[in-house]
Chemist: 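My structure is below; once you've seen it, I'll send some questions.
Just so it is clear, the model here is predicted, and its values are computed rather than measured. Scope of the values below: all heavy atoms of this structure, side chains included, with no hydrogens, waters or symmetry mates. Chain letters run A, B, ... following the sequence lines, proteins first, then strands; residues in each count from 1.
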Protein chains: 2
Amino acid sequence: MTQDTLRSRLIMAGLEILQEKGLAALTLRACAARVGVSHAAPAHHFSGLPGLLAGIIAKGFTQFADTMEEDRNSAEQTPIGRLCGLCNGYMRFSREHPALFTLMFNTSGEVDTDDPAFCRASDRAYNLLHETCTPYLPVSPQSAATEVLVWALVHGLATLQHSGRIVVTESEGETPTIEDLLRSLPLKLHT
Amino acid sequence: MTQDTLRSRLIMAGLEILQEKGLAALTLRACAARVGVSHAAPAHHFSGLPGLLAGIIAKGFTQFADTMEEDRNSAEQTPIGRLCGLCNGYMRFSREHPALFTLMFNTSGEVDTDDPAFCRASDRAYNLLHETCTPYLPVSPQSAATEVLVWALVHGLATLQHSGRIVVTESEGETPTIEDLLRSLPLKLHT
DNA sequence: CCTTTTTACTTGACAGTGTCAAGCTGGGTG
DNA sequence: CACCCAGCTTGACACTGTCAAGTAAAAAGG
């Protein structure tokens, strides 16, 4: 357990509200009420709502990176196996924490993206992707092509499924999984 | 010009606010004020905020489909040329209408997704993608694989660029464009 | 032509939100 | 002991969406 400061308790409360009641229910006052303090208490630990959101998102990116790392490391330890594992973790996180995932990737201005904890956690998640892509040659002349390709692919699929625009069919005759798509890519190992 | 009813004028006002001041400024009362009616007038034409948003989004999808169709039809008329044109339109729309794009693909519950106009416009946009992908074989056993691959790719890239997570470098030595990525895919024509 | 109803909108209220200013309170420092 | 100051509370403000009641004008019915 992290420190039991009011700051961290407010972040925990926010994550719980997000998980239980969704994004619309996540308010400063609701977090304060759940922790049992007055509605203006959070302002002494965060710079308003944007600051609290940044704290919640930072924690979210840590859990996100944990999920990806876990699934990557428990997969078959080949380049493509690790990549599929990582992306399965990406998809799993977006499925298991839909509201948090939306919040994390929907920073439409009202969240403080300069928060140091946010940057650290966000960078860690990105580095996982970067590492897992290093065995591969760029798929086009641009040096970052492969990781951009993989990232855009998995992020787009997660987002579109999560918003109901691509429905995951049980019969699996129609809709491909992220693993199907990744294995269809022309990825080539270095030398 | 569409009909000058209050309904359509409110939708237009919403689109303008979205473009000028962003998503956070889009409120029922702001739309009503811009049109010059009282704050409760919109309730007689939409079922509350979710209904107004559905109307705005429906108009947004129409413009979105127009943009894609335009860029697709003015591109080189080969299967890959048309596909690149379509996706360039996708990217262009997300760049030119960031707030509207966020609203359209971020229906986190507070928008009425049963609105018939919304469904019609949304279906039209999807059908453009579907059509443009039909010349190609599925990239994996799943019949919808190619269009899901393309859609996830372009949508992910648009979303990640739009939220600043992938920055478009001018030097173009690092970051690939959607066209680079599409042309790197192993797409095969039918027979 | 007069009455009635319906539609389109206004006005006013309500609970909820984030934010700010002022006040309290208890523990540490001079 | 006096002080002060971080941590929290209380109360207010402007803003939001939504609802109920009222109004004015157009449409409908006789």
Chemist: Collect all protein-nucleotide pairs involving nucleotides 20-25 of chain D in which both atoms are nitrogen or oxygen and the distance is under 3.5 Å.
Modeler:
none

Chemist: Identify which one of B/Arg72, B/Arg82, B/Arg124 satisfies the salt bridge (charged side-chain N to carboxylate O under 4.0 Å, His left out) criterion when paired with B/Glu131.
Modeler: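 Answer to the salt bridge (charged side-chain N to carboxylate O under 4.0 Å, His left out) test with B/Glu131 among B/Arg72, B/Arg82, B/Arg124: B/Arg72.
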Chemist: Is there a path of hydrophobic side-chain contacts, each under 4.5 Å between heavy atoms of I/L/V/M/F/W/Y residues, joining A/Leu189 to A/Ile80?
Modeler: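 A/Ile80 clusters together with A/Leu189.
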Chemist: Taking the side chain as every heavy atom from C-beta outward, state whether A/Tyr126 and A/Asp123 have any atom pair closer than 4.5 Å.
Modeler: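 The answer is no; the side chains never approach within 4.5 Å.
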Chemist: So B/His45, base contact, sugar-phosphate only, or nothing? Heavy-atom distance under 4.0 Å.
Modeler: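 Here B/His45 touches the backbone only, sparing every base.
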Chemist: Between D/dC15 atom P and B/Lys21 atom NZ, what is the distance in whole Å?
Modeler: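 Checked: the NZ to P distance equals 12 Å.
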Chemist: Between B/Gly48 and A/Gly36, which is nearer to the 5' end of DNA chain D once each is assigned its nearest nucleotide?
Modeler: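 The 5'-side residue here is A/Gly36.
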Chemist: With distance as the sole criterion, do the side chain of A/His39 and the base of D/dG11 form a donor-acceptor contact below 3.5 Å?
Modeler: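 Counting by modelled atom types and ignoring angles, a donor-acceptor contact under 3.5 Å is found here.
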Chemist: Indicate the ring-plane relationship of B/Phe61 and B/Phe105, choosing parallel, tilted or perpendicular according to the 30° and 60° boundaries.
Modeler: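 If you compare the ring of B/Phe61 with that of B/Phe105, the planes turn out perpendicular.
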Chemist: Kindly assign one of parallel, tilted or perpendicular to the pair A/Phe64 and A/Tyr90, based on the angle between their ring planes and the thresholds 30° and 60°.
Modeler: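 Correct class here is perpendicular.
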Chemist: Let me know the distance between CG of B/Leu26 and C1' of D/dC15, rounded to the nearest Å.
Modeler: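 Rounded to whole Å, this separation is 15 Å.
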Chemist: Quick one: are the ring centres of A/His162 and A/Phe93 less than 6.0 Å apart?
Modeler: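 That pair fails the under 6.0 Å test.
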Chemist: CG of B/Leu6 versus P of C/dA8: gap in Å, rounded?
Modeler: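 Rounding to the nearest Å, CG of B/Leu6 and P of C/dA8 are 10 Å apart.
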Chemist: For B/Leu28 and D/dC19, what is the distance between atoms CG and C1' respectively, to the nearest whole Å?
Modeler: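 Rounded to whole Å, this separation is 13 Å.
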Chemist: Taking for each residue the nucleotide of DNA chain D with the nearest heavy atom, is it A/Arg29 or A/Val37 whose nucleotide lies nearer the 5' end?
Modeler: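 Result: A/Val37.
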Chemist: Rounded to whole Å, please give me the gap between CZ in A/Phe46 and P in D/dG7.
Modeler: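 My rounded result for the distance is 13 Å.
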Chemist: Check the phosphate of C/dC9 against B/Ser38, side-chain N and O only, distance under 4.0 Å to OP1 or OP2. Yes or no?
Modeler: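 Result: no.
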